[in-house]
Amino acid sequence: MSRTIRAKRLQKLAGPAAWEAILPPRTAMPPLETATRADFAIIGGGFAGLSAARRLLELAPHARIAVIDAGQIAQGSAGRNSGFMIDLPHELTSEDYAGENSSSDSELIRMNRHAIAFAAAAVDEYGIPSGYFRRDGKVNGAASTAAHDRNTAYAKHLDKLGEGNEILDAQGMKELTGSSHYRSGLFTPGTVMIQPAGYIRGLLAGLSPRIAVHENSPVTELVRLDDGWSVRTAKGRIDAGTVILANNGHLESFGFGAGRLLHIFLFATMTEELDPARIGGTGNWGVTPSDPMGTTMRRISTPQGGNRIVTRTMAKMLPEMVTTPGHMRRATAMMREKFDTRFPQLAGAAMQYAWAGHLCLSNNNVSIAGRLDDGLYAAAVCNGLGTTRSTLAGIAAAEAALGHATDVTHFFAAQAPPTKLPPAPLAKLGANIFIRWKEWRAHNE
Ligand SMILES: Cc1cc2nc3c(=O)[nH]c(=O)nc-3n(C[C@H](O)[C@H](O)[C@H](O)COP(=O)(O)OP(=O)(O)OC[C@H]3O[C@@H](n4cnc5c(N)ncnc54)[C@H](O)[C@@H]3O)c2cc1C
């Protein structure tokens, strides 16, 4: 049966991918400009796509695999996040990140740790620098009494799950971060803090001797063949038996999950290189807000690309998948204020980079990871935990494509489909009013 799927739109992200920009320059892999063949073609070279490639190689070492990315790998959202590879439930729509119940949370933790162990094995095998993958844990910072109470409730939930945690007082938070902003914090040890672009580049370097990689090659069309799919770009094509769409929210640009995916754009800034003595605290830490709609802060040091602070706040639901200069201005001003409140000792520090990136969620917190059609699979919809969940989704898509039934494929296969959203204008209005209210309520968290 003939079938042609055309991409309705291509990715457009505002600002630079700072994590990539602070690394030494890298020459991009050649674009796809010829007609070739592969056993597997993976569209998208982020956490999902490169994890799918690695898992395919583990299971089918002789398979011909090609990864095709619209841009330069690690310049998409993979190089635009805050780098928290979180093992615990991280339900953004809940009050305190806890999931539905203890048994589903335990299952989620098991799956998240599976993804982290997979990433850690890649770090070892490919010799990815240890500074790009640090087992530092993270802290849920609390500035107000209400936030402290939420942290205490979440700590009790973690105790029930048998998950280690520790409450830090204001002094402990100051010693860690150099900031007097926090009243307390909830430390959990299992999060890995990555230099996201460094980690992604490391995966690429480890995989590229064994796979074909094409960068700056937006896929515009998929055409069904008798024995697979033809993946088309402006100047070339790869005919492949199996295709994996690992292109984040742009899965919907190819018609999948239409009207069911929430396209959330997040914004972040990164300072110029700072004097560590002026910052105070320790050299590496990550603070997520105890209120999921608050502000994430992160400190990095020389092995990650300099003594810098990363601030992330503000979310916009944008079904059109593109931010405006007005969004960037508002987000940048908001992040400046959040930074100044936390680090008055750094007044005047320049924000060297400001950017936006794409996060894809579903209303019922499920992913699309598995079969879409004959020979066509997806690894997408990370639900707020893209570094971990997209890694897991990539593993699942590879396993499903090879017909392997595993705990990971079962985990995704057991999920309901993403629920339908109201018509786009209504969904956008409703979601953005809700997000603004939650951000207002999160106040200085
Ligand atoms: C500011 C910010 C902070 C965040 N912080 C965190 C965090 O701390 N922890 C966390 O877990 N997650 C975080 N996230 C989310 C995380 O970055 C994403 O969820 C993650 O990048 C998703 O991985 P992915 O591989 O699914 O998609 P991506 O990383 O977006 O990779 C998809 C790739 O597909 C390519 N592509 C798209 N369309 C096409 C096409 N037509 N043809 C070819 N290629 C195409 C893109 O170029 C891209 O490289 C954050 C996101 C943002 C924006």
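We number each residue from 1, following the sequence as shown. Model, not experiment: these values are computed from the prediction. Counting starts at 1 for both ligands and their atoms, in listed order.
Using a 4.5 Å cut-off on side-chain heavy atoms (C-beta onward), I43 and V231 make contact. You'll find the side chain of N383 reaches within 4.5 Å of the side chain of S367, heavy atoms only. Side-chain contact between Y154 and N165: absent, with no pair of heavy atoms (C-beta onward) separated by less than 4.5 Å.
The closest donor-acceptor contact from the side chain of Q75 to the backbone of Q72 lies at 3.5 Å or more, if one exists at all.
Rounding to the nearest 0.5 angstrom, the gap separating the CG atom in L168 from the OH atom in Y182 is 12.0 Å. Rounded to the nearest 0.5 angstrom, T391 OG1 and I116 CD1 are separated by 8.5 Å.
The nearest heavy-atom contact from the protein to atom 5 (N) of ligand 1 is S82 N, 3.0 Å. The closest protein non-hydrogen atom to atom 48 (C) of ligand 1 is D69 OD2, 3.4 Å. Of the protein's heavy atoms, N247 CB, 3.7 Å lies nearest to atom 38 (N) of ligand 1. The nearest protein atom to atom 34 (O) of ligand 1, hydrogens excluded, is given as G44 CA, 3.3 Å; this is a heavy-atom distance. Nearest protein heavy-atom contact of atom 51 (C) of ligand 1 is N81 CB, 3.7 Å. In terms of protein heavy-atom proximity, atom 40 (C) of ligand 1 is closest to V219 N, 3.7 Å. Nearest non-hydrogen protein atom to atom 15 (C) of ligand 1 is L359 CD1, 3.2 Å.
Remark: ligand 1 atoms within the under-4.0 Å shell around heavy atoms of L10 are 41 (N). Near G46, with a cut-off below 4.0 Å to any heavy atom, the atoms of ligand 1 are 25 (O), 29 (O), 31 (O). Atoms of ligand 1 found under 4.0 Å from any heavy atom of F47, numbered from 1 in the order shown, are 21 (O), 23 (O), 25 (O). The S390 neighbourhood of ligand 1 comprises atoms 22 (C), 23 (O), 24 (P), 26 (O), with distances under 4.0 Å to a heavy atom of that residue. Close approach of ligand 1 to I43 (heavy-atom distance below 4.0 Å) involves ligand atoms 42 (N), 43 (C), 44 (N).
If you check each of G386, G357, A393, A356 against atom 53 (C) of ligand 1, the one with the closest non-hydrogen atom is G357. For atom 43 (C) of ligand 1, the nearest non-hydrogen atom from the set C382, G76, A70, G394 belongs to A70.
If you look at I68 next to ligand 1, the close heavy atoms, those under 4.0 Å, all belong to the backbone. Contacts between A246 and ligand 1, counted as non-hydrogen atom pairs separated by less than 4.0 Å, involve the backbone only. Using a 4.0 Å cut-off between heavy atoms, T387 contacts ligand 1 through both its backbone and its side chain. With a 4.0 Å heavy-atom cut-off, ligand 1 is reached by the backbone of R80 but not by any atom from C-beta on.
Looking at S217 next to ligand 1, no N or O pair under 3.5 Å apart turns up. Between H250 and ligand 1, not a single N/O pair is under 3.5 Å apart. Below 3.5 Å of separation, one finds an N or O of N248 facing an N or O of ligand 1. Some N or O of A78 is nearer than 3.5 Å to an N or O of ligand 1, by distance alone. Of the N or O atoms in P218, none lie within a sub-3.5 Å distance of an N or O in ligand 1. On a distance-only criterion, F84 and ligand 1 share at least one N/O pair closer than 3.5 Å. Geometrically, ligand 1 and Q11 share a nitrogen or oxygen pair separated by less than 3.5 Å. Checked by distance only, ligand 1 and A48 come closer than 3.5 Å through their nitrogen or oxygen atoms.
Residue R37 qualifies as enclosed at atom CZ: its count of foreign heavy atoms under 6.0 Å is above 12.
Checked for salt-bridge contact, R113 and E163 meet the test: a charged N lies under 4.0 Å from a carboxylate O. A salt bridge is absent between E445 and K338: the closest approach of a Lys/Arg side-chain nitrogen to an acidic carboxylate oxygen does not fall below 4.0 angstrom. A salt bridge is absent between K8 and E252: the closest approach of a Lys/Arg side-chain nitrogen to an acidic carboxylate oxygen does not fall below 4.0 angstrom. By the 4.0 Å N-to-carboxylate-O rule, D136 lies too far from K138 to be salt-bridged with it. Taking a cutoff of 4.0 Å between a charged side-chain nitrogen and a carboxylate oxygen, R55 and E399 qualify as a salt bridge. Under the 4.0 Å criterion applied to side-chain N and carboxylate O atoms, E20 and R201 are assigned as salt-bridge partners.
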### Task
Could you give me the CA-CA distance, side-chain angles and deciding distance for H358 and F265, then say whether ring-ring contact (aromatic ring centres under 6.0 Å, His included) is met?
CA-CA 5 Å; H358 191 166; F265 282 72; 4.6 Å; yes
### Message
Set out, in order, the CA-CA distance, both residues' side-chain angles and the distance that settles side chain to side chain donor-acceptor pair (under 3.5 Å) for N112 and T388, then state yes or no.
### Response
CA-CA 6 Å; N112 289 345; T388 315; 5.4 Å; no
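Using modelled atom types, one finds no donor on one side chain facing an acceptor on the other under 3.5 Å when comparing R308 with Y353.
Residue contacts with ligand 1 include F254, since one of its heavy atoms falls under 4.0 Å from the ligand.
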